[in-house]
Amino acid sequence: MPKRVDLRSDTVTQPTEQMRRLMAKAEVGDDVYGEDPTVRRLEELAADMFGKEAALFVTSGTQGNQVAIAAWAERGDEVIVEAESHVFYYEVAGISVIAGAQPRPIVGQMGAMDPEDVRQAIRKRDIHQPRTGLICVENTHNRAGGTVLPIEILRATASVAREAGVPLHMDGARIFNAVVASGIGERTWASEVDSLQFCLSKGLGAPVGSVLVGPRAMIDRARVWRKRLGGGLRQAGVLAAPCIWALTNMVERLAEDHAHAKVLAERLANMPGITVNLETVQTNIVLAELTHKDVMAEQFIAELANNGVLATAFGPRTVRFVTHKDVSQADVETAIDRIRQTIAHFGIAQ
């Protein structure tokens, strides 16, 4: 059977052999007691890399975002979010269930909220209205197609937040994709926000884990929330060890994923029955719109899977492809050929 090309997500990456070796020999201790030296090294490395006081190792990006929101916002507060953001769209109403807060979605452009819209959404002091407890931004933005948040928009949003005395959190699950694509360093991005969560189990290839960075007092509150949610980690050094390797060895190679995504996007854009907004293909995500009236995304990805390529339906007619470290240039060419075969199966012609 021909090799399967998995373009569903960069979460499907396998740990490298070096990561596996580090896991096997990791020095460990009970992290709930603060005694796991490998976890401590990871947290210190992350805090220093982003220029923050402290860091917290968590099991996932969702957990990192949710303990951050709970640490910042009080019960009954409102949290400003972009309408297609991960914290609003994919975290199972965690803002309401965990923090007891109300999300206030704002429609953005390519994933970026207009800072003036944010300003207008911040609640004035009124007994009839909730307090604005937090503002969340996402970088890169998943549902916008992996777009990088423009630094000038982030700076303007940060200015609005500071003026109003409202903390600003960044869901930076793919922040290193933003770093590589923009050339803007981690500390620069982080300097504009009060807290930031980033994933190690996506493009960087670690098997498990994310890190939340921010002020020490806030991280202490987030640690309590992590424990409250059952996220207290014991001998977690076996998970932290590959994360350290990922942080120190896997960032620059993300440029390969971006190059592969660009090739894929450009070739898809020239196929019948598919359109791609190339402006949004800035990192490792490609959103392809199916234009034939009789072909829906679920049908398309089912037939594509029969041809050995896995993708994700991202809407009724939208298919998402994500490049990652386990997808080579040859794999991209294979995927392109099989996508073309799938188009032919549906009888779509120019």
Side-chain angles (χ1 to χ4, degrees), residues 8-12 55-108 111-113 118 121 130 132-147 149 157 166-178 193-204 206 208-214 218-219 221-233 285 287 312-315 318 320 322:
R8 289 174 298 173
S9 177
D10 42 12
T11 62
V12 303
L56 177 67
F57 184 45
V58 293
T59 57
S60 67
T62 294
Q63 187 178 74
N65 285 332
Q66 291 304 320
V67 299
I69 292 168
W72 284 120
E74 297 178 3
R75 189 169 185 82
D77 278 355
E78 189 166 75
V79 177
I80 295 174
V81 298
E82 199 280 324
E84 297 282 305
S85 63
H86 195 280
V87 296
F88 181 64
Y89 209 96
Y90 289 119
E91 299 190 7
V92 207
I95 293 172
S96 301
V97 174
I98 297 168
Q102 170 176 285
R104 175 83 175 271
I106 294 175
V107 175
M113 296 181 288
V118 174
T132 300
L134 182 66
I135 301 165
C136 292
V137 294
E138 183 175 337
N139 192 26
T140 63
H141 196 289
N142 180 18
R143 287 189 59 80
T147 50
L149 179 63
T157 303
V166 178
L168 178 62
H169 171 71
M170 178 180 285
D171 173 6
R174 295 183 174 91
I175 187 63
F176 293 105
N177 293 94
V193 299
D194 296 287
S195 62
L196 182 150
Q197 174 274 131
F198 65 88
C199 289
L200 292 146
S201 59
K202 292 186 170 70
L204 302 192
V208 175
S210 296
V211 177
L212 173 66
V213 298
M218 175 268 180
I219 292 296
R221 295 194 300 273
R223 190 177 297 275
V224 173
W225 273 103
R226 187 189 72 171
K227 183 70 172 68
R228 183 175 284 132
L229 295 174
L233 301 172
I285 298 176
L287 299 182
T312 305
F314 232 49
T318 306
R320 186 186 76 163
V322 183

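Heavy-atom basis, side chains included; hydrogens, waters and symmetry copies ignored.
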Could you list the residues that satisfy salt bridge (charged side-chain N to carboxylate O under 4.0 Å, His left out) with Arg223, not counting sequence neighbours?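 With neighbours one apart ignored, the set is Glu43.
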[X] side chain vs [Y] backbone, donor-acceptor pair below 3.5 Å:
| X | Y | result |
| --- | --- | --- |
| Glu82 | Gly108 | yes |
| Glu78 | Gly133 | no |
| Ser195 | Val213 | no |
| Arg320 | Arg8 | yes |
| Asn139 | Ile175 | no |

Over all heavy atoms of both residues, which pair between Val322 and Ser9 is shortest? Give the atoms and the distance, please. CB-CA, 3.8 Å
Shortest non-hydrogen contact between Ala71 and Ala222, atoms and distance: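 The answer is CB-N, 3.9 Å.
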Interatomic distance, [X] atom [atom1] to [Y] atom [atom2] [nearest 0.5 angstrom]:
| X | Y | atom1 | atom2 | result |
| --- | --- | --- | --- | --- |
| Asp171 | Gln66 | CG | CD | 10.0 Å |
| Cys136 | Leu168 | SG | CG | 8.0 Å |
| Gln197 | Glu138 | CD | CD | 9.5 Å |
| Ile80 | Ile135 | CD1 | CD1 | 4.5 Å |
| Glu84 | Met113 | CD | CE | 13.0 Å |
| Phe314 | Ile285 | CZ | CD1 | 6.5 Å |

Who are the side chain to side chain donor-acceptor pair (under 3.5 Å) partners of Thr62, not counting sequence neighbours? none
Taking C-beta and beyond as the side chain, do Asp77 and Pro130 meet within less than 4.5 Å on heavy atoms? no
Listed once per pair and sorted, the ring pair (Phe, Tyr, Trp, His ring centres under 6.0 Å) pairs that draw on residues 55-88, sequence neighbours left out: His86-Tyr90
Under 3.5 Å, is there a donor-acceptor pair linking the side chains of His141 and Thr147?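 No, because no side-chain N or O of His141 sits under 3.5 Å from a partner of the opposite role on Thr147.
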